Q: 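Dropping the structure in here first, questions after.
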Amino acid sequence: MNAPMHAAMLALDPLLIDPIGWEEVGIVSLKVVVAFVLLMITVMFMVWFERKVVSDFQNRIGPNLAGPWGILQTLADGIKLFFKEDLIPEKSDRVVFQLAPYLSLVPAFLVFVIVPVGGNFNDGNGGRVSWFGHETLVQVADPPIGILLFLAMSSLAVYGIMLAGWASGSKYPLLGSVRASAQMVSYEAALGLSVVAVLLQSGSLSTNEIVAGQAAEGFAGFIPNWNVIVTGFVPFVIFLIAGTAELNRPPFDLVEAEQELVGGFHTEYSSIRFALFFLAEFMNTVTMSAIIVTLFFGGPAGPIFFGLTWLWPTIWFLLKLLVFLFIFVWFRATLPRLRYDQLMDLGWKLLIPVALGWVLFLAARNVAQDQDWGTGGLAAVIAVTLGAFIVGGALLMGAINTARRERLADELGTTEFEGSKS
Amino acid sequence: MDASNVDYVVFFVAGAFVLLGAWGVILSRNPVHSALSLVGTLFSVAVLFILQEAHFLAAVQVVVYAGAIVILFLFVIMLLGVDRAEQLGVDPIGGQRPVAVLIGAGFIAAMLTAVIAGADSLSGTAQPNKVAPPTAGSTVDQTASDIEQLGNRLFTDWVFAFELTGLLLTIAVVGAVVMVRKVKGDLAPLGESVIDERLAAYEARLEETAAEDAADAGSHGTTDADDEASADADADEDAAGVDA
C-alpha cells in the first residue's frame, strides 16, 4: 500500500499525515496525558458538584469541611477508600472479580479520546491548531470510525457491570447486574438510532467533521447551525433519555436500587475497587455530556471575541459541558425512579419506534433537498411522513393493546383471581 | 520510525492475543472464563482489522460480536446456571473425542496447505493487478474511506442481498417471538365476547373485594377502597406480566 493513501485513510488529523517521527509521537503522548488528567480533574469536580447541587435541592449544606466550599471532599474520600481493607468474598470468582472494575473504567476513558475539546472551527478552519510547529487537532484521536468508537465502548462497558455482579457470588449483585445489562443493551438501540440522525446530517462519522459541520453559519445568521436544531430536536431528546439510561443514572438507576438490591452490582465491592466503579460511573457521566455537546451542540464551536483565540473554543466547550452536567444532577434530584416494566416499555415501545421513524423522515427530507424538489416536494415529504407516523403509531398501539387484552384474558381465564400465578 | 515495523509489532502482539484468547476458550473449565477469552480474541481480531485499514469492520466486530453476541452468551450461561466447572471425565457422546481429533487434524492440514501453496496469491505479490478488481460499471471512488466504499457498494451493487439479509433477520425475530409465545388450547383467536365476559367477571370480583375491604375498614369511603383494590390488582397484573 502506498504511503499517501495510507496516511489519508489512517487519520484525518493533519499531525499524522506526514511521516511520523518522535516529535509527533511526543505530541500524541502529551495529548493522552493531558486528556487523562483533565478528565480526572473534571470527574473530581463533578462528584463535588453533584453533592453540592443535590444538597441545595434538598435544603442541606452538603460537603463543606475539606478545602474551600468542600471542594477537596472527593480527594479525601478517594484517600479514605484507598486505605480501606480490600475484601474479596469467599464465594466469588477471584479473577473476574478483580478484573471487572477495570473493564468498567477503561471504556469510560477511551470514549473521551474522540471528543474535540478546543480548536478554532470558525471560517472553515476545521479546528486545526499549531503546536510546536505541527498542525493538529485538539482531541486525542480522530479515527475515521469516530462516533462508532463511542457506540463500541458503550457496548463494552456492559461487561464491567455484568461480570462484577456475577463474580460477586451473591444474589443481589447478580440481580443488579442482570438488570443493568438488559437495560444497557435495550437502550443502546435507541442511542444508536438517534446518533444516525446526526450522521445523516453531517455525512461523516468523524467527530471533528461533525463539529465543523455545526460551526457553519446557521439559519437567519444568528441561530447556530447546531444539530439539535437541524435534526429537529427529537433525536436530541431521545439521545438524552437513552444516554441517562445507558449511564444507569436516576431516574433509570434500577441497577443499584438501594431499597431492593442493597447496592446493586457493587454490593460486595469495597476499598479501591469500589472507588474504581464510582470513578467509572462519574467518568461516564462526564464523557456522555461531552458526547452530547459534540453531537448536538457544536462542541467547541462558538464566536471568538478578543485576545486569546485558542482559549475561547475550550471555554465554550466547558460551558456547554457544565450545562449538561447540571442537567444530569437535576434529573437525579427531581425525578423518581422508574419501575422495571415502565423502563422497558419506554425504551422498546416509545423511544426506538420514534427514533426509527425520525431517521426515515430525515432521510426523506435529505432526498427532497438533494433532488431539488422545492418547497412543494418538501411539504409532500412532511405530509407523507406524518401519515406514515400516524398509521405506524396506530398499528403499534393496536398491537400493544391487543397483546395486553389477550394477556389479561389469558391470566383471568387460566388462573382464578387469587390463584397461584404460573 | 518505519511504518512497516510498527505494522509488524502490532500484528504479532494482536496475533498473540488472538491465539491466547483461543486457547483460553477451549482450556477454561468455567464457561464464563471461556466467554471472556472469546471477547479477547474478538477484540484482537478487531485490532488486526484496523491494521488492514478496515476501520468499519473493526467497529462492527466490537459492537456486534463483543458487545451483543457474547453478552447474550453470558446471559444464557448465567441464567441457566451452568456457570460451574464442567465435569470432563464423562463423555456424553460416545466416540466424540477421536472424531474431533481427526476433524481438527484435517482442518489444520487444509489450512497449512492453503497457506503454503497459496502464499503468493494470499499476500497479493503474485499478480498485483488481479487483486480485488473494481466491479464493472461501479461508481465507487477507490480513494474514498472504507466506510464510504462499503456504503456505496452495499446500496448499489449489493442492494438486493442487503435487503434479503434484512428480511432474513426480521423473519428470525418474528420466529423467535412466535416460538416463545405460550399458546394454550386451540389456536383460534380469542373472540371479543370471551374477553368481555372474562373482564366482566374480573370487575365483579374487584367490586366484591372492594366491598369486603370497605366492610373491614369502616373509616374508608367506598370509592377509596375501590380505587385501592383496583390499584393493587393492577400492580399484581403488572408483576405477573413481567414474570411471564
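Per chain, numbering begins at 1; letters A, B, ... match sequence-line order. Every value quoted in this text rests on a predicted model; they were computed, and no experiment measured them.
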Q: Can you tell if the side chain of B:His55 reaches within under 4.5 Å of the side chain of A:Leu148, non-hydrogen atoms only?
A: no
Q: Output the distance between atom OH (A:Tyr159) and atom CG (B:Leu74), rounded to the nearest 0.5 Å.
A: 6.0 Å
Q: Quick one: ring pair (Phe, Tyr, Trp, His ring centres under 6.0 Å) partners of A:Phe109, sequence neighbours excluded?
A: A:Phe36
Q: Any side-chain heavy atom of A:Trp166 sitting closer than 4.5 Å to one from B:Ile77?
A: no
Q: Is it the backbone or the side chain of A:Leu205 that comes under 4.5 Å from a heavy atom of chain B, or both, or neither?
A: side chain
Q: A quick test of your reading: do over 12 heavy atoms of other residues, nucleotides or ligands sit less than 6.0 Å from CZ of B:Phe56?
A: no
Q: Under a 4.5 Å heavy-atom cut-off, does chain B meet the side chain of A:Ala157, its backbone, both or neither?
A: neither
Q: Evaluate the side-chain contact (heavy atoms from CB on, under 4.5 Å) criterion for residues B:Phe75 and A:Val178: first the C-alpha distance (whole Å), next the side-chain angles of each, then the deciding distance (0.1 Å), finally the verdict.
A: CA-CA 8 Å; B:Phe75 254 117; A:Val178 169; 3.8 Å; yes
Q: Give, as side chain, backbone, both or neither, the part of A:Ile145 having an atom under 4.5 angstrom from any heavy atom of chain B.
A: both
Q: List in chain and number order the residues that pass ring pair (Phe, Tyr, Trp, His ring centres under 6.0 Å) with B:Phe11, two or more places apart in sequence or in another chain; answer none if no residue qualifies.
A: none
Q: Where do B:Asn30 and A:Asp93 land on the side-chain contact (heavy atoms from CB on, under 4.5 Å) test, with the steps shown first?
A: CA-CA 10 Å; B:Asn30 189 322; A:Asp93 185 318; 3.6 Å; yes
Q: Most heavy-atom pairs under 4.5 angstrom with chain B, which of A:Ala167, A:Ser181, A:Gly203?
A: A:Ser181
Q: Under the side-chain hydrogen bond (donor to acceptor under 3.5 Å, both in side chains) test, which residues partner A:Gln201, sequence neighbours left out?
A: A:Arg365
Q: From A:Leu99 CG over to B:His33 NE2, what is the distance, rounded to the nearest 0.5 angstrom?
A: 9.5 Å
Q: What residues of residues 57-72 of chain B make heavy-atom contacts with chain A at a cutoff under 4.5 angstrom?
A: B:Ala59, B:Val62, B:Val63, B:Ala66, B:Gly67, B:Val70, B:Ile71
